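A quick note: this is a predicted structure, and the numbers were derived from the prediction, not measured. Throughout, numbering of the chain's residues begins at 1 and tracks the sequence.
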Amino acid sequence: MEPTGDYPLFGGAFSAILPPGAIDVSDLRPVPDNQEVFCHPVTDQSLIVELLELQAHVGGEAAARYHFEDVGGVQGARAVQVESVRPLSLENLPLRSCCQEAWALSGKQQVAKENQQVAKDVTLHQALLRLPQYQTDLLLTFNQPPPDNRSSLGPESLSPPPWSLGDFEQLVASLTLHDPNIFGPQ
């Protein structure tokens with residue numbers, strides 16, 4: 001399966017290339033207005049694009065860690081472990097004209113799914129794009145839970161393969177702003 005072409009996000013204010021088989025979660029359940037959430041059709045993987053208030057009190061690597069720990073708190077993570085944080089090159093990003101700094105973070109969070117007691121180590125990859133002129137931190141998250149032992153829901157040939165870090169990196173590298181009015185009057 002080929003990746004989805006430029007998929008409109010936030011009512012067309014942004015667009016990005018989504019990995020094969022991405023399902024828009026807003027077609028299944030309510031999603032907050034500041035988020036776009038996509039799930040894999042077979043695995044428990046998900047991708048989240050969030051427009052967040054700029055956390056001006058933290059900068060650089062600390063900002064990436066702040067958002068990672070904040071997500072852990074929201075998800076009720078029992079343990080949070082950062083494995084790596086590195087700067088992202090702005091020159092390869094369509095948002096480079098309005099992005100002051102960008103960070104990639106990988107880590108693990110011990111999270112129990114709704115209605116379950118057992119917590120699983122979920123690998124998270126995040127990209128933080130800081131847009132101070134819009135008072136916005138743009139956070140992209142790739143949730144990669146451990147593979148489930150259950151059999152595939154359909155014939156192997158029809159289900160897209162699990163998403164890879166490369167799919168997430170393509171999402172980040174393709175994220176394009178079309179309408180700055182999404183951030184309100186400037």
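Remark: of the listed residues L177, L52, V172, L95, L95 is the sole one forming a side-chain contact (heavy atoms from CB on, under 4.5 Å) with L138. A side-chain contact (heavy atoms from CB on, under 4.5 Å) with Q126 is found for one member of V82, L140, N143, V71 and no other, namely V71. Paired with F14 under the rule side-chain contact (heavy atoms from CB on, under 4.5 Å), one option of D179, D6, V49, L175 passes, and it is L175.
Between L93 and A173, the shortest heavy-atom contact is CD2-CA, 4.1 Å. Considering all non-hydrogen atoms of both residues, R130 and A63 come closest at NH1-CB, 3.2 Å. Nearest approach of C98 to Y134, heavy atoms of both residues: CB-CE1, 3.8 Å.
The residues E61 and R65 are annotated as salt-bridged, a charged nitrogen and a carboxylate oxygen being separated by less than 4.0 angstrom.
Looking only at side-chain heavy atoms (C-beta outward), L131 and L54 stay at 4.5 Å or farther from each other.
Of the possible donor and acceptor atoms, none in the side chain of N34 sits under 3.5 Å from a partner among the backbone N and O of E50. With hydrogens and angles ignored, the 3.5 Å screen pairs no side-chain donor or acceptor of Q135 with any backbone N or O of Q133. Here the side chain of Q170 pairs no donor or acceptor atom with the backbone of P19 at under 3.5 angstrom.
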Original post:
Taking it one step at a time, do K108 and E83 satisfy salt bridge (Lys or Arg N to Asp or Glu O under 4.0 Å)?
Top reply: CA-CA 7 Å; K108 286 192 174 4; E83 294 179 344; 3.7 Å; yes

Subject >> Verdict with reasoning, L88 to W103, per side chain to side chain contact (heavy atoms under 4.5 Å, CB included) >> reply: CA-CA 5 Å; L88 285 176; W103 294 89; 5.9 Å; no

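Residue F10 holds its CZ atom at 8.0 Å from CD of Q35, rounded to the nearest 0.5 Å.
In this structure, F142 and W163 have tilted ring planes: the angle between them lies in the 30° to 60° band.
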